[in-house]
Amino acid sequence: MEIIDISLYSLLLAILLLAVPVFLSRIYGLGLTKLLLSSAGRMIVQLVLIGVFLKYLFLWNNTVINLSWLIVMILAAVFSAIRGSAMKPGKIILPVFVSFALATFTVIFYLNIFVIRLDYIFDARYLIVLGGMLLGNSLRGNIVGIDLFYKSIRKETKKYQYLLSLGADYHEAVKPYMRESIRLALKPTIASMATIGIVALPGMMTGVILGGASPEVAIKYQIMIMISIVVSTIISVLLTILMTSGVCFTKYGVLRNDIFLKNKTE
Amino acid sequence: MIRFENIDLAYQGNNVFSDFSLEIAQGEKVVLLGKSGLGKSSLFSLILGFVQPQNGKVFFNENRVDERIVWNVRQKVAFIDQEISIGDYSVSEWLTFVSGIKANHSLSFGGKRLKELMDFFELSRDILNKDISDLSGGEKQRVAIIVSVLLERDVFLLDEVTSALDENLKKKTAEFFVERKDWTVVSISHDPVWLKNPWVKVFDLEKKTWK
């Protein structure tokens, strides 16, 4: 069973569906038309570019290029994670990158070597596609985790300092905050794991099934990817907190104020 | 015991101290007096390493408080902050947490001493199961005082610890801290129970002199 290609003409028919929200936006004065059209435009351009790019990536299937592209994807994830947080980029970009890279590479190579048992573990089809799924899905958790950790210590300066004054070392003093932020970072992923298949048919499965594989194969891939997302999220949140602490705390164990974007005086 | 030497300290451009010096000897009971904004609490923060002076030195036990020594200082000093914010713990959970800190492992946080202190500070047993956030201001202060005593340290930095207590408890608390000859106690307060106590030395932060 081969997937049915959509001709350009047919695709135009799909795009024509946009007329529905545009029409409704007009009638109900939703004011969404401009935003909707520009977003759709961006999406089409971005996807066309990545489509062309992936075509060649799969064609060449070169180790160096594949790995480089994965690194570019990680960098993009790092930037959007930092932009979503209240932290200054310059200070934390390197530790965040290292944490994301370690988490992503560890999980992907584990999958490629032990689970999928690829002969060529740098194969673009698996490396890039799985990498994208992991990064895309663990990103939100990461942002929540990092942000909450530093924000709550700043908000509870008095409590944090009290912990230090009780004789807690750095690790003991940040532990309650670490626990809370990792827990919240993982919650949505864990929750979506429980509803998958019933509430939502995930993109990964749709893709695999349309690609001609049987639902059994799709299910196996989906189980693998969901667990991998949880694993890579927890590794990267934990590593990010551990690795950024060196630049975010003074040697006295006190949180620096200059790591935040808005230096609000409290 | 504690010595401030030519301290310059400014927060966001606001000058708190310039060329400030003060020495507190072991066993002394000192009250820091002065309006808010004069840096009373900042002196505690300097000792505990929560802020660093732009110039000058802070000494604890003849050791300069630096990024290494400060961790040691925090294990020798019992500090009680003006507002006690601990979060979602019941009193007994909090006691377990504090005794679980590695530096406090050798201490006993339960048993006889705790009961004695609770009786002395007039707290009933059922408070142990209450959430700290549900306690009254006075109850929180007494819990914090009891924790500070259980830590078995001999230097106390007390920031307005009697403010929410009734007259009788205020007096009892001040006397409790002043009576122990071996304890060094620095208290921020404008309460007569501290200021009128004959054993207490008062340092006026406005005039920067002993009274």
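Letters go in sequence order (proteins before strands), and every chain restarts at 1. The structure presented is a predicted model; accordingly, all values stated were derived computationally and were not measured.
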Of the backbone (N, CA, C, O) and the side chain (C-beta and beyond), which part of [X] lies under 4.5 Å from a heavy atom of chain A, both, or neither?
{"X": "B/V147", "value": "side chain"}
{"X": "B/R68", "value": "neither"}
{"X": "B/F97", "value": "side chain"}
{"X": "B/I86", "value": "both"}
{"X": "B/Q82", "value": "neither"}
{"X": "B/V70", "value": "side chain"}

- More than 12 heavy atoms of other residues, nucleotides or ligands under 6.0 Å from CZ of A/F109: is that the case?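 Counting neighbours around CZ of A/F109, more than 12 heavy atoms of other residues, nucleotides or ligands fall under 6.0 Å, so yes.
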
- Query: Got a sec: does the NZ of B/K115 have more than 12 other heavy atoms crowding it under 6.0 Å?
  - Reply: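 Incorrect, the count does not exceed 12.
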
- Task: Report the distance from atom CZ of B/F50 to atom OG1 of A/T250, rounding to the nearest 0.5 Å.
- Result: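 B/F50 CZ to A/T250 OG1: 10.5 Å, rounded to 0.5 Å.
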
- Side-chain (B/N104) to main-chain (A/G167) donor-acceptor, under 3.5 angstrom: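 Judged by distance alone, no pair lies under 3.5 Å.
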
- Which residue pairs satisfy the side chain to side chain donor-acceptor pair (under 3.5 Å) criterion with at least one member in residues 128-137 of chain B, sequence neighbours excluded?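 Side chain to side chain donor-acceptor pair (under 3.5 Å) check on residues 128-137 of chain B returns B/S136-B/E139.
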
- Item | Residues in residues 158-165 of chain A near chain B [non-hydrogen atoms, under 4.5 Å] |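 Checking residues 158-165 of chain A against chain B gives A/K158, A/K159, A/Q161, A/Y162, A/L163, A/L164, A/S165.
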
- Item | Interface residues of residues 225-249 of chain A facing chain B - heavy atom cut-off under 4.5 Å |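 Hits under 4.5 Å: none found.
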
- Task: Give the member of B/L151, B/D66, B/L48 that has the highest number of heavy-atom pairs under 4.5 Å with chain A.
- Result: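 With the most close heavy-atom pairs to chain A, the winner is B/D66.
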
- Message: Tell me the closest heavy-atom pair linking B/K102 and A/E172, and the distance in Å.
- Response: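 So the two residues come closest at N-OE2, 2.7 Å.
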
- Message: Under the criterion side chain to side chain contact (heavy atoms under 4.5 Å, CB included), I'd like the reasoning laid out for A/Y252 against B/R74: C-alpha separation, chi angles, the key distance, then a yes or no.
- Response: CA-CA 11 Å; A/Y252 291 81; B/R74 289 169 187 164; 4.0 Å; yes

With a cut-off of 3.5 Å and sequence neighbours excluded, list every side-chain donor-acceptor pair involving residues 126-140 of chain A.
residue: A/N137; atom: ND2; partner: A/M133; partner atom: O; Å: 2.7
residue: A/S138; atom: OG; partner: A/L134; partner atom: O; Å: 2.8

